[in-house]
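As structure tokens, the structure follows; a few thoughts come after it.
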Amino acid sequence: MGRLIFLMQAVSPDQQYLILNAARKHFGNGGDKRIKYTLPPLVFAAFRLAFQYKSKQEEDDKWSKKCNKIFQFCLQTVSALAKGEKRAELSLRLFLQGALAADRIAFDNCESVAYEFMSQAFSLYEEEISDSKAQLAAITLIVGTFEQMSCFGEENHEPLRSQCAVTASKLLKKPDQCRGVAISSHLFWSGRTKENPDAPVGELVEKSRFFGWGEVVSRFLVSGR
């Protein structure tokens, strides 16, 4: 059933959106055991549709609004998927994929939409992921996704990168904390921001010393190992 959505192809993007909406209603009635297989392909089909609208932006002056509508559809769909048991990691990846897709398409409201997807990813991480290995893998994935994005201004970039560092500092094991903060530190000098990266890095090292493992992180930042 999950593959069926990719066989449904309309002549125009507008008709394709109607097909996805109809499929969402039917898949949503499939029960908790089925939606983990049917909703993710639907979300990726919606992302692909948004890219199609972007490719036709010269022909359709409302393409940006339509993309915004598609991402709201995706946000609601992934949120519904996240409500079930043992689907936190899958939903987290879909939230991050949504943020990255919004960044790539760069429609008018992409920054706000991407921020919402990132916020949902953090909320899901804090509420549903408790295993130490899964936490480290999740924060690594969040940081890796965020580092690739360029749609955020400093007003939104600063709280997100700080949240990455704070979340990493709260990992259960100190070795994981060191790895997490060291990975998060890359966000503070990323070339995708316009601010001076030196001051945030110094602030990060000061925070790490407060927690008692600043020497390890400082060595990591200096040597790159």
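These figures come from a predicted structure and were not determined experimentally. One is the number of the first residue; the rest follow in order along the sequence.
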Exercise. If you look at every heavy atom in L81 and R87, which pair is closest and at what distance?
Worked result: O-NE, 2.8 Å

Exercise. Are E116 and Q120 linked by a side-chain donor-acceptor pair shorter than 3.5 Å?
Worked result: yes

Problem set entry | Straight-line distance of N29 CG to R24 CZ, nearest 0.5 Å | 8.5 Å

Problem set entry | Side-chain donor or acceptor of S132 paired with backbone N/O of L172 under 3.5 Å | no

Exercise. Of all heavy-atom pairs between K54 and R104, which one has the smallest distance, and what is that distance?
Worked result: CE-O, 3.8 Å

Exercise. Can you tell me if E111 and N156 form a side-chain donor-acceptor pair at under 3.5 Å?
Worked result: yes

For this session: Quick one: do N109 and K65 satisfy side chain to side chain contact (heavy atoms under 4.5 Å, CB included)? Show the steps, please.
Result: CA-CA 8 Å; N109 197 37; K65 293 182 179 180; over 6 Å; no

Exercise. Given the rule in the salt bridge (charged side-chain N to carboxylate O under 4.0 Å, His left out) test, do K62 and D14 qualify, once you have shown the distances and angles that lead to the verdict?
Worked result: CA-CA 11 Å; K62 295 182 179 179; D14 292 345; over 6 Å; no

Exercise. If you measure from CG on L171 to CG on D176, what distance do you get to the nearest 0.5 Å?
Worked result: 6.0 Å

Exercise. Sub-3.5 Å donor-acceptor pair from the side chain of S55 to the main-chain atoms of Q52, do we have one?
Worked result: yes

Problem set entry | Check: Y53 ring centre within less than 6.0 Å of F107 ring centre | no

For this session: Taking all non-hydrogen atoms of both residues into account, name the closest pair between I139 and C164 and its distance.
Result: CD1-O, 3.9 Å

For this session: Just do the side chain to side chain contact (heavy atoms under 4.5 Å, CB included) check on K66 and Y17 with the steps written out, would you?
Result: CA-CA 9 Å; K66 293 177 180 179; Y17 178 72; over 6 Å; no

Exercise. What closest approach, in Å, do A168 and S184 show between heavy atoms, and which atom pair accounts for it?
Worked result: CB-OG, 3.8 Å

Problem set entry | Contact summary for A121 and L96, nearest pair of heavy atoms | CB-CD2, 3.8 Å

For this session: May I ask whether F51 and W63 are part of the same hydrophobic cluster, defined by side-chain heavy atoms of I, L, V, M, F, W, Y residues being less than 4.5 angstrom apart, directly or through others?
Result: yes

For this session: Examine F73 and M8 and state if one hydrophobic cluster contains both, with Ile, Leu, Val, Met, Phe, Trp and Tyr joined whenever side-chain heavy atoms are less than 4.5 Å apart.
Result: yes

For this session: Assess the pair F44 and F6: is the distance between their ring centroids shorter than 6.0 Å?
Result: no

Exercise. Hey, does the side chain of N68 reach the backbone of S64 with a donor-acceptor pair shorter than 3.5 angstrom?
Worked result: no

For this session: Could you tell me whether Q9 atom CD has more than 12 heavy atoms of other residues or ligands within 6.0 Å of it?
Result: yes

Exercise. Would E158 and S162 count as a side-chain hydrogen bond (donor to acceptor under 3.5 Å, both in side chains) if you check the C-alpha gap in whole Å, the side-chain angles of each, and the deciding distance to 0.1 Å?
Worked result: CA-CA 6 Å; E158 192 279 330; S162 296; 2.9 Å; yes

Exercise. Rounded to the nearest 0.5 Å, how far apart are CG of L42 and CD1 of I35?
Worked result: 11.5 Å

Exercise. Does the side chain of F71 reach to within under 4.5 Å of the side chain of S112, using non-hydrogen atoms?
Worked result: no

Exercise. Quick one: does M149's side chain get under 4.5 Å of M118's, heavy atoms only?
Worked result: yes

Exercise. Distance from L20 atom CG to L49 atom CG, nearest 0.5 Å?
Worked result: 6.0 Å

Exercise. Is there a side-chain contact between Q163 and F122, using heavy atoms and a 4.5 Å cut-off?
Worked result: yes

Exercise. To the nearest 0.5 Å, how far apart are OG1 in T145 and CZ in R93?
Worked result: 9.0 Å

Exercise. Are side-chain heavy atoms of L100 and Q148 found at a separation under 4.5 Å?
Worked result: yes

Problem set entry | Close side-chain approach of F95 to L75, heavy-atom, < 4.5 Å | yes

Seminar exercise, completed: Here the gap from L124 atom CG to L90 atom CG, rounded to the nearest 0.5 Å, amounts to 10.0 Å

Exercise. Going only through I, L, V, M, F, W and Y residues with side-chain contacts under 4.5 Å, is there a path from L4 to V43?
Worked result: yes

Exercise. What is the minimum heavy-atom distance between A134 and D131, and which atoms define it?
Worked result: N-OD2, 3.1 Å

